[in-house]
Number of protein chains: 2
Amino acid sequence: MQEANITERGRATRQRIIEATGREILASGIGGTTLDTIRAATLTSKSQLFHYFPGGKAELVREVAVWEAGELLEAQKPHIDDLASWESWHAWRDALVDYYIGLGRWACPIGSMATQAAMTDPELARIITESMTNWRASLAAGVTRMQAAGKVQAGAAPQRIAVAILAALQGGLVLSQPEKASWPLEAAIDSALDVLHTAGQAG
Amino acid sequence: MQEANITERGRATRQRIIEATGREILASGIGGTTLDTIRAATLTSKSQLFHYFPGGKAELVREVAVWEAGELLEAQKPHIDDLASWESWHAWRDALVDYYIGLGRWACPIGSMATQAAMTDPELARIITESMTNWRASLAAGVTRMQAAGKVQAGAAPQRIAVAILAALQGGLVLSQPEKASWPLEAAIDSALDVLHTAGQAG
């Protein structure tokens with residue numbers, strides 16, 4: 001009974017450290033995040049940190065990537081699993097804009113880690129690539145469902161459209177973030193969705 | 001005469017520090033770049049660094065942004081000043097893909113700073129925003145020239161097309177970088193250029 005409580009509390013502490021590190025990385029980058037700043041932000045000791053993350057900062061940052069990818073996917077549900085109608089695509093688009101801008105993030109936790117991961121940790125780059133690949137696959141599956149429903153022409157390439165939409169989203173954020181304006185993100189993603197609409201009209 | 005030599009040498013040292021810091025930022029991010037790592041990479045003393053950059057790291061990073069923006073513009077010349085024909089647009093596209101991928105950067109120095117600048121230094125965010133705005137304006141001017149030449153329909157919105165192309169480029173890099181594959185970048189930018197082509201065909 002008592003042991004179960006300790007395990008429960010331990011799990012909560014571990015999760016608290018992951019979330020605080022995620023905020024730290026979003027604010028200061030992976031390079032600007034140190035075990036010292038994490039200790040200060042979470043009021044934990046060095047030995048506690050290494051108890052939960054024996055691999056130190058590298059392991060912690062990877063856990064942050066896994067957790068952020070899960071949160072990002074959650075924010076896109078249920079639309080991301082549908083995308084079989086225009087309404088669903090636009091609901092998905094609105095949910096993401098709200099996740100990024102409405103909630104004041106102004107950056108994609110996964111996208112901003114992607115540009116830092118490649119140089120710092122191949123294993124982290126692998127986690128980010130897998131997350132991006134799954135994300136793209138969900139969008140491509142949506143394009144395929146639109147084709148099956150006769151709303152997008154059969155000749156359109158789902159993978160190519162998916163990568164263009166995902167890139168528009170990530171690049172729109174890069175443009176929106178420094179000027180704290182949502183319109184570059186919205187224009188970029190709507191322009192990419194227009195490609196899907198055009199593929200629909202031409203079919 | 002001797003003073004001119006010293007000034008010349010001083011200018012070269014200052015420039016050497018800026019370029020080394022640019023490489024450091026691309027590899028470790030702004031947060032992971034410290035005056036100590038810069039000193040080690042450039043074999044300069046702390047007093048030398050503060051002689052050239054009295055404002056310390058913040059001033060140095062801003063100078064890097066200004067320099068990188070200039071280099072990036074240079075890499076797009078002469079095409080970026082033309083963009084009045086399809087040949088020119090495709091030459092511009094190829095020059096940029098070569099700059100990012102061919103030269104092994106796998107990241108946009110300005111784009112990757114954009115996602116870090118907003119949180120760390122408002123003045124740096126202003127420099128990045130200005131650079132992005134000028135870049136966008138050059139692309140929009142190209143779209144306008146295509147319209148004047150009758151190659152793109154008059155109803156197309158140059159600013160919107162420009163932001164979509166720039167976002168595709170930045171987002172394509174975000175997707176390309178962690179998996180070290182050029183195809184996401186190429187698919188994203190070609191898909192955005194397709195929008196321009198479609199606007200041409202419809203006109």
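Lettering of chains follows the sequences in order, A, B, ..., and the numbering in each one begins at 1. Computed from heavy atoms alone, side chains included, the values below leave out hydrogens, waters and symmetry copies.
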**Item:** Nearest atoms (heavy-atom pairs only) where A188(B) meets A167(A)
**Value:** CB-CB, 3.5 Å
**Item:** From CH2 (W183(A)) to CD (Q159(B)), nearest 0.5 Å
**Value:** 6.0 Å
**Request:** Against chain A, label V195(B) side chain, backbone, both or neither, depending on which of its atoms sit under 4.5 Å from a heavy atom there.
**Result:** side chain
**Message:** Sort by residue number and list every residue of residues 83-112 of chain A having at least one heavy atom under 4.5 Å from chain B.
**Reply:** R105(A), G111(A)
**Asked** Checking D194(B) against chain A: side chain, backbone, both or neither under 4.5 Å from a heavy atom?
**Response** side chain
**Complete:** Of the listed S176(B), A168(B), A27(B), the one with the largest count of heavy-atom pairs under 4.5 Å with chain A is A27(B)
**Prompt:** Does some side-chain heavy atom of Q116(B) sit less than 4.5 Å from a side-chain heavy atom of T115(A)?
**Reply:** no
**Prompt:** For the atom pair CG (L175(B)) and CG (L169(A)), what is the distance rounded to the nearest 0.5 Å?
**Reply:** 9.5 Å
**Fill in**
Expected contact set for residues 28-41 of chain A against chain B at heavy-atom separation under 4.5 Å reads S28(A), G31(A), G32(A)
**Request:** Please determine, among L124(A), I128(A), V163(A), the option with the most heavy-atom pairs under 4.5 Å with chain B.
**Result:** V163(A)
**Request:** Quick one: which of A192(A), A181(A), A164(A), A114(A) has the most heavy-atom pairs under 4.5 Å with chain B, could you say?
**Result:** A114(A)
**Request:** Pick one of side chain, backbone, both or neither for R126(B), based on which atoms fall under 4.5 Å of a heavy atom in chain A.
**Result:** neither
**Fill in**
In short, V174(A) meets M132(B) closest at the heavy-atom pair CG1-CE, 4.0 Å
**Item:** Contact winner vs chain B - Q177(A), E179(A), R136(A), heavy-atom pairs under 4.5 Å
**Value:** Q177(A)
